[in-house]
Each structure stands twice: as structure tokens, then as C-alpha cells.
Amino acid sequence: MKVDVFTLKRQYEAIKGEIKGPIEKVMQSGGFILGEDVKLFEQEFAEYCGVKYGVGVNSGTDALFLACLACGIGKGDEVIVMPYTYIATTLAISMTGARPVFVDIDEKTYNIDISKIEKAITAKTKAILPVHLYGHPVDMDPLMEIAKKRGLKVIEDCAQAHGALYKNKKVGSFGDASCFSFYPTKNLGAFGDGGMVMTSSEKIKEKLVFLRDYGRKGRYEHIMKGYNSRLDTLQAAILRIKLRHLDEWDEKRRLNAALYTKLFKEKQLDIITPYEAEYARHVYHLYAVRVKNRGKVMEKLQDNGVRTLVHYPIPIHLQEAYKDLGHKKGDFPVSERCCGEILSLPMYPELSEEEIGYVVETLAGIL
Ligand SMILES: *Cc1c(COP(=O)(O)O)cnc(C)c1O
């Protein structure tokens, strides 16, 4: 048997009948830039997340970058973030001229260790940027309390957590702004790049609307130096259809995760399975386990037709791109340890029980 770490083919087969009409409609209308479907998808996704506004942009990275700018972050500022995330999170901070300041992770949830945030705050700190990594929500109550007490902005990175709940509220509804990616493999993915910033602040929304569209007010009147970063109408039309399936897809991911975890428990394998806090509805963008001798395990899985990936092998403080920050090995030991052991098993809504069973059996034969 062959099991890929993810595939988009099955989802496309399931929905292709539904998306043909809307795609054709956009083609016929010619309104490819900031067309009707963008406005409608912004409204629908904002309602889904429980916020007032959504502003469609061209990627998750730009959503983070423009959200930081809209929150007034720039040169000389510091933003608190974990080094255990995809590098886009910190690149967006760096693009504003601000400096990412790292705080290590909690070993159970792989999210920022909230008990270590206060020590990292300085006079230059402007914001905290929590990442709901792998689809597990950050413990937002204590984080928001610190932000409120210290007068800091909060920008959520929800790129892996569409539909995840914290205490029965959607992620993306807690921060001053929150950022989603619609990269094709995300829980809600377009047929290309896309992103959105969510906010309930009218002021932040207004600023984002200028920032994503050349700072344009009239057709050729510009009130600030903006960017060209818009969600395509075609992508918005596709995403509107896919949004109707998101809860069902997330539920399937949860069932797949529960089956993996149950089978691993039964077999009593030497493997750390994902944790779900009691406040959380995890949406398993990834099903990430931890194993010893990861390199060998991956190789043997591959030999048996099971493709896996590592999210992520190098923590950001040890990436060459960030050597200017002057970090060294040992600075964030939990992140470093997890980067060395973490392994993403195949995970997508359409994964079958047989495939999950095969992955578990194969792993059992290796460990
Ligand atoms: C995917 C991702 C991003 C970036 O989104 P793009 O749409 O690829 O630019 C940012 N943060 C995290 C945690 C991600 O997983």
C-alpha cells in the first residue's frame, strides 16, 4: 500500500461539480481583482470566525505582514513569538523592520509557553504573536491577560487552525488582528496562494484595505505607500464553496486523529501522540508525533510506501536567515528537542481507516 502524507486529489474529485459554476461565473464577469466574491467571502469568513471584518490578501505571509503594519509595528519594535513555527511567521515580522523576540514552547501543545512571555517583554515590545500550531489553539485567556496588563497588541497566526476552538470560540476572534493562509494544503485551501486578516476593529480594517491596494483612495489618489496584495476573485469564489465543507473536513481530521491515537495506545508503541488540552478543539492540520531515531524511522516508512514530513526540522533561532539575532544552540531547548523528534504522519480528511491502520502497523514493525 502507498500512503501519501497529503493529497489534494480526493478533495478536488469530491467538489469539482460544485466549483465549476462559480469559476465560470467569475471568468464571464471579468472582475478578477477585488470582485464580488472577494467581498462575499470576506463577510462569510468573518462571520464564521466570529469577527466583524475580513480583508482578503494574497497570502498568509502578507496577512501577517500587513496586520503587523496595521497594528503600528515597525522599525525598532519587538514582537514576541515562538521559534518553533514555519518561518513565514517571523519573516512577516522582519518585513516590517521589527525584531522577533523568541519565547520557547510548551512541550505538550507545541504552542508558546505562556509562563515565559513576561520575562521576554521589554520597553520595545509592541505585540505578542501566538501561533495555533498544527491546529491546536493557544491558551488565549492568560495570554490576553498579559497583553492587556502590559498594553501589547495581539496578532494571531491561524494559518494552521481554520475552525479550531478555544473554549468554544473560534481562533482568530481573540487578537487585535488574526491571520489566515489559504495555501492549498491548509485546512481551508485555495487553488493557489491566498490569505485573510480578520479584525473587529474598524480602524485596523480601514488601514488594511488601503495597505493591500496601493494605499489607494480614489482610482489614482493614494493616501499611503501601500502594497499590491489582494485575494484573487477566482480564489475567493472557490473558497466560498470550500468554506461550506470546512467543519465537516475538520471533523474528519479529528476522527482520523482519534483513530491513530487509539491504535497507537492499543499497541503501546514508544511514540508521543498529539495532546489536546481540555479547552481545545484541535483541528489537526498536522498529526505530528514524536519518535526516537526519526531519520531511520522515516526511511523505513518510505520503504514501505508511507510518506512523512518534518514540521519543522530547524527552529527559527538556528536558521541561517536569522543569524543576525545572535542565537546559539541551547537557547530554546524545548523547541530544539521537539524539532529533532517531531514527525508528521499522513493526515487529510479523506484518509481511509485502512490507510491509517496500515501506517500504524508499519510503524509498529519499525519501532
Ligand atoms: C502556511 C503558514 C504561513 C504562511 O502562509 P502562506 O499563505 O504560505 O504565506 C504562516 N504561518 C504558518 C504557521 C503557516 O503554517
Side-chain angles (χ1 to χ4, degrees), residues 5-6 8 41 45 54-69 79-96 100 102-103 105 109-112 127-138 154-164 171-172 174-175 177-198 208 211-212 227-232 234-236 238-239 242 250 253 274 282-288 309-317 319 321-322 335 338-339 342 344 347-348:
V5 66
F6 56 73
L8 300 172
F41 180 55
F45 197 55
V55 180
V57 297
N58 74 7
S59 69
T61 308
D62 266 16
L64 288 160
F65 167 54
L66 299 178
C68 284
L69 289 184
V79 177
I80 290 175
V81 67
M82 60 182 186
Y84 189 83
T85 174
Y86 185 54
I87 198 164
T89 311
T90 57
L91 289 178
I93 297 168
S94 302
M95 280 156 75
T96 71
F102 296 121
V103 165
I105 59 167
T109 61
Y110 308 118
N111 283 331
I112 193 165
I128 308 171
L129 205 160
V131 185
H132 306 289
L133 199 76
Y134 302 155
H136 190 290
V138 173
V154 173
I155 298 163
E156 293 173 68
D157 182 341
C158 308
Q160 301 188 357
H162 315 66
V171 303
F174 296 91
S178 29
C179 305
F180 285 86
S181 162
F182 305 120
Y183 182 80
T185 60
K186 306 284 163 131
N187 288 32
L188 180 59
F191 289 0
D193 277 311
M196 195 177 286
V197 186
M198 323 307 298
L208 286 164
L211 282 170
R212 75 160 168 194
Y227 300 83
N228 174 2
S229 181
R230 302 166 298 208
L231 178 65
D232 285 345
L234 262 177
Q235 301 301 348
I238 293 159
L239 288 163
K242 286 190 158 200
D250 278 347
R253 285 176 184 272
H282 194 326
V283 291
Y284 297 96
H285 171 60
L286 298 172
Y287 186 88
L309 284 172
V310 174
H311 302 90
Y312 299 93
I314 306 169
I316 295 174
H317 67 284
Q319 292 279 3
Y322 276 105
S335 296
C338 293
C339 281
I342 205 81
S344 298
M347 171 54 80
Y348 40 95

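Each ligand, and each atom within it, is numbered from 1 in the order the structure gives. Residue numbers run from 1 in the order of the sequence given.
Any N or O atom pair closer than 3.5 Å counts here, and Thr85 shares no such pair with ligand 1. Looking at Tyr86 next to ligand 1, no N or O pair under 3.5 Å apart turns up.
When non-hydrogen atoms are compared, ligand 1 lies under 4.0 Å from neither the backbone nor the side chain of Leu133. Under 4.0 Å from ligand 1, the heavy atoms of Asp157 that appear belong solely to its side chain. Of the heavy atoms in Ala159, only side-chain atoms (C-beta onward) come closer than 4.0 Å to ligand 1. The proximity of Asp62 to ligand 1, defined as any non-hydrogen pair under 4.0 Å, does not occur for either the backbone or the side chain.
Ring geometry, His162 versus Phe45: the interplanar angle falls from 30° to 60°, so the pair is classed tilted.
Of all the atoms in ligand 1, the ones that sit under 4.0 Å from a non-hydrogen atom of Ala88 are 3 (C), 4 (C), 10 (C). Of all the atoms in ligand 1, the ones that sit under 4.0 Å from a non-hydrogen atom of Thr89 are 11 (N), 13 (C). Atoms of ligand 1 lying under 4.0 Å from any heavy atom of Gly60, numbered from 1 in the order shown and given with element: 5 (O), 6 (P), 7 (O), 9 (O). In summary, the atoms of ligand 1 found under 4.0 Å from a heavy atom of Val131, numbered by their order in the structure, are 13 (C). Close approach of ligand 1 to Ser59 (heavy-atom distance below 4.0 Å) involves ligand atoms 7 (O), 9 (O).
Under a cut-off of 6.0 angstrom, the local environment of OH in Tyr322 is crowded, with over 12 non-hydrogen atoms contributed by other residues, nucleotides or ligands. Applying the 6.0 Å contact sphere to OH of Tyr312 captures more than 12 heavy atoms from other residues, nucleotides or ligands.
When every heavy atom of Ala164 is checked against every heavy atom of Pro137, the shortest pair comes out as CB-CD, 4.4 Å. The heavy-atom pair separating Leu208 from Leu66 by the smallest distance is CD2-O, 3.5 Å.
Here Phe182 and Phe191 keep their ring centres 6.0 angstrom or further from each other.
Side chains of His132 and Gln160: no donor on one and acceptor on the other come within 3.5 Å.
Considering only non-hydrogen protein atoms, atom 9 (O) of ligand 1 sits nearest to Thr61 OG1, 2.5 Å.
Tested against Tyr84 for a side-chain contact (heavy atoms from CB on, under 4.5 Å), the candidates Asn111, Val131, Ile105 yield a single pass: Ile105.
Among His311, His285, Met196, Lys186, the residue whose heavy atom lies closest to atom 15 (O) of ligand 1 is Lys186.
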Verdict with supporting geometry, Asp157 and Thr89, side chain to side chain donor-acceptor pair (under 3.5 Å) = CA-CA 7 Å; Asp157 182 341; Thr89 311; 2.9 Å; yes
